[in-house]
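Quick notes on the structure that follows.
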Protein chains: 4
Amino acid sequence: MSDQEAEVDEPAAGAVRRGRPRSEKARVAILEAGGKLLLADGLEPVSMDAIAERAAVSKATIYRWWPTKETLALDVLFHEWVGDELTVADLGSLRAELLALFMPWVERVSARPYGRVIGALIAKARSDSAFSEEYDRRLVQPRREQARPLFVRAIERGEIAADTDIDVALDLFYGALYHRLLQGHLALSDEFVVALVDMGLNGMMSRQDKAAA
Amino acid sequence: MSDQEAEVDEPAAGAVRRGRPRSEKARVAILEAGGKLLLADGLEPVSMDAIAERAAVSKATIYRWWPTKETLALDVLFHEWVGDELTVADLGSLRAELLALFMPWVERVSARPYGRVIGALIAKARSDSAFSEEYDRRLVQPRREQARPLFVRAIERGEIAADTDIDVALDLFYGALYHRLLQGHLALSDEFVVALVDMGLNGMMSRQDKAAA
Amino acid sequence: MSDQEAEVDEPAAGAVRRGRPRSEKARVAILEAGGKLLLADGLEPVSMDAIAERAAVSKATIYRWWPTKETLALDVLFHEWVGDELTVADLGSLRAELLALFMPWVERVSARPYGRVIGALIAKARSDSAFSEEYDRRLVQPRREQARPLFVRAIERGEIAADTDIDVALDLFYGALYHRLLQGHLALSDEFVVALVDMGLNGMMSRQDKAAA
Amino acid sequence: MSDQEAEVDEPAAGAVRRGRPRSEKARVAILEAGGKLLLADGLEPVSMDAIAERAAVSKATIYRWWPTKETLALDVLFHEWVGDELTVADLGSLRAELLALFMPWVERVSARPYGRVIGALIAKARSDSAFSEEYDRRLVQPRREQARPLFVRAIERGEIAADTDIDVALDLFYGALYHRLLQGHLALSDEFVVALVDMGLNGMMSRQDKAAA
DNA sequence: GTGTAATCGAGACGGTACGTCGAGTCTTGTG
DNA sequence: CACAAGACTCGACGTACCGTCTCGATTACAC
């Protein structure tokens, strides 16, 4: 994401910009009002009217730039998370790097009720394939591509097998993290992250069993 | 689930039931109309009016027995899955038992777009704590309690360490499965289940690395 | 109008009335709120939301029974004018009867700003032929049919020629009255009514001129 | 109307006109687009955006010169009727002159659905006193002042009584004409004009009755 | 020619009302 | 009592139009 705030399609740079330009003030006000309200109450309970009112903006202005509340929520998450998408430095071991990747994410995601919004986005994605594509492109894939290099480096180091299926590994870790985030049955704590990473890396089988296998 | 269809609170057995008894025909018609529509379109796009009309039932009759659309959806899933909640027999190895547990689940869950409905229920659960409790009790915990004995047996067999954190193990496996079910970024195939179980049991670390550790 | 309040189509009397009956309270509240607001501000400046709020009624309830604001206004006028549509007794002369017909009408119509609403209805009627038909049937024709017998009696008495074109006569009188009501260029006073009736009956030509003609 | 197209306030002739002058092309395009659309659909259904688009003109340009849609409509009618406001020559009899005045007016006004626009203007005038004043000054009074000399001449000729209330006479004739134009209950035909003029001039009372009176 | 000033097209903006839809409740008559 | 029918309240939806505004680009007259 070189241009993190490029949330909406820009026309070709060479084109002559005619008419009144888009109000940057309104754009930011909408994203911030959206962030405030969506995280406070969740996606479904928040109305576009409420966002418009809090942003001191016309409802039409929101709809001009975001076709649905879900699309807006996607951009709100981006607006909230600007600068988060950093790469993880080479720390010498996969374990250290995974912890360095997951710990801040857990911190971030637990700080405010993001699970509520992400859950709603997932629900929407399941019944709107166009939105599903956008959700995948903007939220899912960036996270996966951010983590993938760690496994590539681990293979190069010889830490993990060269034929490791990285997609399965990603689902194993992110699946568990999202599971606790979304289902809420158990806490998404730092201890859980450590236990998860260790179990994922070492497996749960006793040493001797594996040797026997 | 000994009494799988006990979806709604029954009055005490001793109480005298007065007046016209509940129409079993209506109950089934609602659950089947709900199943048809919810799986076809998802939870949010389907209206109670539509379900009532298709079930040839008054809307008030639905609300008499189910307080919200989500509660109804929960029962619809149960109605669809009657008999699914079997216990897994002792097959001699944790790997075999996990596959015996997950494979039919994947089959079932992939057959029709359940992810769509489950996603919506999760979203609802995140912003309605009463519903969250019910969702957890009826969908999440049964699944976990069904799987837990497998790990207990594996500990008894000495396959896995006695201090294995079973909750983490459950999240590792179910998390990954739900991840693919809900995010839809990659297929929830049989091959994935096998790869996931093997990676979870054995870990992704190379043998020699672990020995060195 | 035997049943003056039969503003909306009733189903056949023999049909079985099923479901919750229409709320008479809501019906009257809407008509009275409408009357209050429409006469205070005119048709166009009053919003359906405002009427709904003042009547303490849902907007949907209004739209269930009246497709447009204009249709509602039509009924509001009827509700206001219940009992107005009396027949004029035989007073022995056309002049007396016309004055007996027009004077109360002028009184009524000048008491509150009906011209404002009627003007809006006319405008609507000109660009909506379905509404035009209803406007004609409910407001225009009743007024004309109420006045027509006066001219028939006058012919029988020999006061006016047997071949008098009653429609032209009606337009002559009502046209002038509506003209002042709608254009507002001069007052719609009692004096005007008297002058108009006399001029319409006697003509403006001098006696001798007519004899010469 | 010596300066028929002086639709908008001109600055004092002596003032220095600086800056880009008003585009005559735009002015005419707006009036013609307005005429086309307003007569086709009526005032209320036509949006300023639509007029601007059809005139290939910016909406701001319209609002720079006409404060409201109604004011524009007023000018559109003038633009359509340039040259209509001629005086009626002395034809020797009031009857002949009235026919010479009304016949072309009926022709003109029936040719296209002007009633639709005029009705809307009247409605607007009833609830906006500033506009009412302008409507009266520009549409109502010119018509009346055009007709008034006919009656003055008729008095001089001795055709009608010297104390004839010309305003009542004007309302009698124009009222009836506008009535048919606006209510649309009966045709505004040439025959109607003749019948109306004759009835207005001679009255509807039989000769002998009047002699008896 | 070079300001200066008002115009223009384009189009985004805040605001208000629209007419519709769905959730969930309530009120009848019937079984 | 349960139920079908269907009217009801409430609140949000997404759209349309109004009248205003901010741009950059023109087009005249004054210097």
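Order of the sequence lines sets the chain letters (A, B, ...), proteins ahead of strands, with each chain counted from 1.
Under the side-chain hydrogen bond (donor to acceptor under 3.5 Å, both in side chains) criterion, Ser127(C) pairs with no residue at all, not counting sequence neighbours. Not counting sequence neighbours, the partners of Arg126(C) by the side-chain hydrogen bond (donor to acceptor under 3.5 Å, both in side chains) test are Ser132(C). Applying the side chain to side chain contact (heavy atoms under 4.5 Å, CB included) test to Arg137(B) and every residue at least two apart in sequence or in another chain returns Glu133(B), Glu134(B).
Computed from C1' positions of five pairs at each end, the angle between the two local axes of the helix from dG1(E)-dC31(F) to dG31(E)-dC1(F) equals 10°, rounded to 10 degrees.
Here the P atom of nucleotide dG22(E) and the CD atom of Glu70(B) are 15 Å apart, to the nearest Å. Rounded to an integer number of Å, the gap from Ile62(C) CD1 to dC18(E) C1' is 13 Å. At whole-Å resolution of the value, CD in Glu53(D) and P in dG11(E) are 11 Å apart. Rounded to a whole Å, the CD1 atom of Ile51(A) is 11 Å from the P atom of dG14(F). Rounded to whole Å, the distance from CG on Leu37(B) to C1' on dG22(E) is 15 Å. One can place NZ of Lys124(B) at 11 Å from P of dA23(E), the figure rounded to the nearest angstrom. Atom CZ in Arg17(C) sits roughly 9 Å away from atom P in dG6(F) (whole-Å rounding). Computed from coordinates, the Asp128(B) CG to dA23(E) P distance equals 16 Å when rounded to whole Å.
In this structure, CG in Leu31(D) is found 6.5 Å from CG in Asp75(D), a value given to the nearest 0.5 Å. The CZ atom of Arg27(B) lies 9.5 Å from the CD atom of Glu32(B); values are rounded to the nearest 0.5 Å.
When side chains are defined from C-beta on, Tyr135(D) counts as touching Ile118(D), because their heavy atoms get closer than 4.5 Å. Between Leu121(B) and Leu77(B), the closest side-chain pair of non-hydrogen atoms falls below 4.5 Å. With a 4.5 Å cut-off on side-chain heavy atoms, Trp66(A) and Ile30(A) count as touching.
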Let me check something: any side-chain donor-acceptor pairs from residues 34-63 of chain D under 3.5 Å, sequence neighbours excluded? List them with distances.
unit_1, atom_1, unit_2, atom_2, d
Ser47(D), OG, Ala50(D), N, 3.0
Ser58(D), OG, Ala60(D), N, 3.1

Per-nt protein contacts along nucleotides 7-13 of chain F (heavy atom under 4.0 Å; B base, S backbone sugar-phosphate only, - none) come out as BBBB-SS

